[in-house]
2 protein chains.
Amino acid sequence: MSLISNTPKPPYFAVIFTSTRTEGDNGYGEMANRMVELAQQQSGFLGIESAREELGITVSYWTDLDSIKNWKANVEHLEAQKTGRKSWYDSFKVRISKVERDYGN
Amino acid sequence: MSLISNTPKPPYFAVIFTSTRTEGDNGYGEMANRMVELAQQQSGFLGIESAREELGITVSYWTDLDSIKNWKANVEHLEAQKTGRKSWYDSFKVRISKVERDYGN
C-alpha cells in the first residue's frame, strides 16, 4: 500500500478517525491490519492513510456516503467497532467529510 | 493542547495534510511547532490533530473556507509552505473538506 492515497479528482468523501489507545495490545494490531484489508475490499473504497504517535489518525477515502454507511454496517467491522469502544480506545472521534478541493506535489 | 480536538457541532471544515518527509530535520521541527502556534491564533481556527510515522497526517479544523484561505495566505505560513515544497517534504497532499457529521465517545 502506498503511503499517500492516490485519490481521484474531488468531490469524494473522507472519514477522519482520531483516537487514543488504552494500554496493551489486546488483539488491536491484528484487528487493525484486518480492517484495512477488509476496507480495501469494499465497494466505493478509494484509499486509506494512517499514523499513530500518542494520537492515532486514520483517514479513509470513499466515493460516496452510501459506501461509508455500508462499511460501517459490515458485520466484521461492527464487531471491531464494539471491541474498540469497550477495550482498545480510550477516546475516539469519527468525522465524515466531503473533500471539495485537493492539491499536492 | 489536548489530543482530540473539541470541535463544535458540524458543519465545519477540515484540512487534511498528508506528507512524507525528506531525510534530516533541516529546521522542520521548529517550523512545525511555530506553525501550530500561529494557526491557533488565526480567526476561525477550531483545533489541530497530528501524528507521524512513515507517513505524517495533520488535520486542522476551521469554521469556514475563508478562514482556511486566510491561513494559507499568512505571510509566515507562505514562507513555511515554500520551504516545505523545496526541502522538508518528499511528497504531500492537501485536502480541504467539509465535515458533515461526527460522533465519538
*Asks:* Using heavy-atom distances under 4.5 Å, tell me whether A/Ile16 contacts chain B through its side chain, its backbone, both, or neither.
*Replies:* side chain
*Asks:* Let me know if A/Phe17 has heavy atoms under 4.5 Å from chain B in its side chain, its backbone, both or neither.
*Replies:* neither
*Asks:* Nearest 0.5 Å please: distance from the CZ atom of B/Arg52 over to the CD1 atom of A/Ile57.
*Replies:* 10.5 Å
*Asks:* Say whether, by atom type as modelled, one donor and one acceptor occur between the side chain of A/Asn105 and the main chain of B/Phe92 under 3.5 angstrom.
*Replies:* yes
*Asks:* Among the options B/Val59, B/Thr20, B/Thr7, pick out the one with the most heavy-atom pairs lying under 4.5 Å from chain A.
*Replies:* B/Thr7
*Asks:* Among B/Gly56, B/Ala51, B/Gly104, which residue has the highest count of heavy-atom pairs closer than 4.5 Å to chain A?
*Replies:* B/Ala51
*Asks:* Other residues, nucleotides and ligands only: do more than 12 of their heavy atoms fall within 6.0 Å of CD on B/Glu30?
*Replies:* no
*Asks:* Between the side chain of B/Glu100 and the main-chain N/O of A/Ile96, is any donor-acceptor distance below 3.5 Å?
*Replies:* no
*Asks:* For chain B, which of A/Glu54, A/Lys98, A/Arg85 has the most heavy-atom pairs under 4.5 Å?
*Replies:* A/Lys98
*Asks:* So how far is it from B/Thr18 OG1 to A/Glu49 CD, rounded to the nearest 0.5 Å?
*Replies:* 3.5 Å
*Asks:* Based on non-hydrogen pairs under 4.5 Å, which of B/Asp102, B/Val99, B/Val94 is most in contact with chain A?
*Replies:* B/Val94
*Asks:* Can you establish whether the number of heavy atoms outside A/Glu37 located under 6.0 Å from its atom CD is more than 12?
*Replies:* yes
*Asks:* Tell me whether the guanidinium CZ or amine NZ of B/Arg95 lies under 6.0 angstrom from the six-membered ring centre of A/Tyr61 and within 45° of its axis.
*Replies:* yes
*Asks:* Any link between B/Leu78 and B/Met35 through a network of hydrophobic side chains (Ile, Leu, Val, Met, Phe, Trp, Tyr) touching at under 4.5 Å?
*Replies:* no
*Asks:* Answer with side chain, backbone, both or neither: which region of B/Tyr12 has an atom nearer than 4.5 Å to a non-hydrogen atom of chain A?
*Replies:* side chain
